[in-house]
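Written out below as C-alpha cells is the structure these notes cover.
Throughout, numbering of the chain's residues begins at 1 and tracks the sequence.
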Amino acid sequence: MSHTLKLNTELGVIVLRVRQSLSFDEVRSIFAEMVRLPSFKEGLCLVADLRGSGTSLTGDDMRALAALAREKDAAWGDTKWAFVASSDTMYGLSRMFMALTDELQVDTHVFRDIEAANGWLGLAVDVEEILM
C-alpha cells in the first residue's frame with residue numbers, strides 16, 4: 001500500500017501519508033476512501049504528507065481531480081486541506097490543484113515544510129506530532 005489514512009477525531013483532521021508514486025486511479029480512490037472513514041463529517045481538515053511520494057499525474061489528471069473535488073465539496077464543507085510536498089513536481093501539481101479548486105468551500109494550500117502548514121491550519125497541536 002502506498003498510502004495510509006488516519007482520522008484524528010479529537011483534532012478534526014484526516015492525515016494522509018503517501019510513501020510511493022501516486023497514479024490518477026489511486027488519488028481518485030483516496031478521495032472516495034476519505035469520505036467513507038468512520039466518523040467522517042463535514043468540516044474535517046486534511047493534512048496530506050506528500051514528501052515521500054512521486055507521481056505520474058499530468059495536468060489533465062489534475063483537471064479531472066479538480067472536477068471530482070467539486071462533486072465532493074459539499075460533503076467536506078468549509079474546511080482546509082494542507083498539502084506538504086518536497087519535490088518540485090508534487091509541489092507544482094498541488095499548486096495546480098489549488099488554483100483549479102479555489103472557488104470551493106474547501107480551502108487548499110500547498111507547503112514545502114510542516115512548520116508552515118502548521119501555522120496555516122491552526123490546529124491545537126504541532127502537525128508533525130499527528131504525522132507520526
Below 4.0 angstrom, N of the basic side chain to O of the carboxylate: do Asp61 and Arg28 qualify? no
Can you say whether the rings of Trp81 and Trp76 are parallel (under 30°), tilted (30 to 60°) or perpendicular (over 60°)? perpendicular
Does a side-chain heavy-atom distance below 4.5 Å link Thr4 with Leu16? no
For the residue pair Asp88 and Arg112, establish whether any side-chain heavy-atom pair is separated by less than 4.5 Å. yes
Contact check, side chains of Arg70 and Asp73, non-hydrogen atoms, under 4.5 Å: no
Taking C-beta and beyond as the side chain, do Phe40 and Ile14 meet within less than 4.5 Å on heavy atoms? yes
Between Met62 and Leu57, is there a side-chain heavy-atom distance shorter than 4.5 Å? yes
Report, as yes or no, whether the 6.0 Å neighbourhood of atom CD on Glu10 holds more than 12 heavy atoms from other residues, nucleotides or ligands. no
Report whether Val47 and Tyr91 are members of the same hydrophobic cluster (ILVMFWY, side-chain heavy atoms less than 4.5 Å apart, transitive linking). no
Is the side chain of Thr101 donor-acceptor paired with the backbone N or O of Phe97 at a distance under 3.5 Å, no angle test? yes
Smallest separation among heavy atoms of Leu100 and Ala66, with atom names: CB-CB, 3.6 Å
Can Ile30 be reached from Met96 by stepping across I, L, V, M, F, W or Y side chains whose heavy atoms are under 4.5 Å apart? yes
Knowing that exactly one of Val18, Thr89, Leu93, Thr55 qualifies, which makes a side chain to side chain contact (heavy atoms under 4.5 Å, CB included) with Leu50? Val18
On a heavy-atom basis, the closest approach of Leu44 and Leu7 is CD1-CD1, 3.7 Å
Answer yes or no: is there a side-chain heavy-atom contact under 4.5 Å between Val106 and Thr108? yes
Taking the side chain as C-beta and beyond, is there a heavy-atom pair between Phe111 and Phe83 under 4.5 Å? no
Taking 4.0 angstrom as the limit, do Arg17 and Asp49 come out as a salt bridge? yes
Grouping I, L, V, M, F, W and Y whenever their side-chain heavy atoms are under 4.5 Å apart, do Leu104 and Met98 come out in a common cluster? no
Could you tell me whether Asp60 and Arg63 make a salt bridge, using a distance below 4.0 angstrom between a side-chain N and a carboxylate O? yes
Minimal non-hydrogen separation, Ala117 against Ala82, with atom names: CB-CB, 4.3 Å
Do we see a donor-acceptor contact under 3.5 Å between the side chains of Gln20 and Ser53? no
Verify the cluster assignment for Leu68 and Leu5: are they in a single hydrophobic cluster under the rule of side-chain heavy atoms below 4.5 Å apart? yes
Shortest non-hydrogen contact between Gly77 and Gln105, atoms and distance: O-CB, 3.3 Å
Within 6.0 angstrom of Arg95 CZ, more than 12 heavy atoms from elsewhere: no
Lys80 to Trp120 - nearest heavy-atom pair and separation: NZ-O, 2.8 Å
Is any side-chain heavy atom of Arg19 closer than 4.5 Å to one of His3? no
Of all the heavy-atom pairs spanning Ser56 and Ser23, show the shortest one and how long it is. OG-CA, 4.1 Å
Can you check side-chain contact (heavy atoms from CB on, under 4.5 Å) on Asp113 and Val84, steps first, answer last? CA-CA 6 Å; Asp113 59 67; Val84 183; 5.6 Å; no
Connected via hydrophobic side-chain network under 4.5 Å: Met90 and Val110: yes
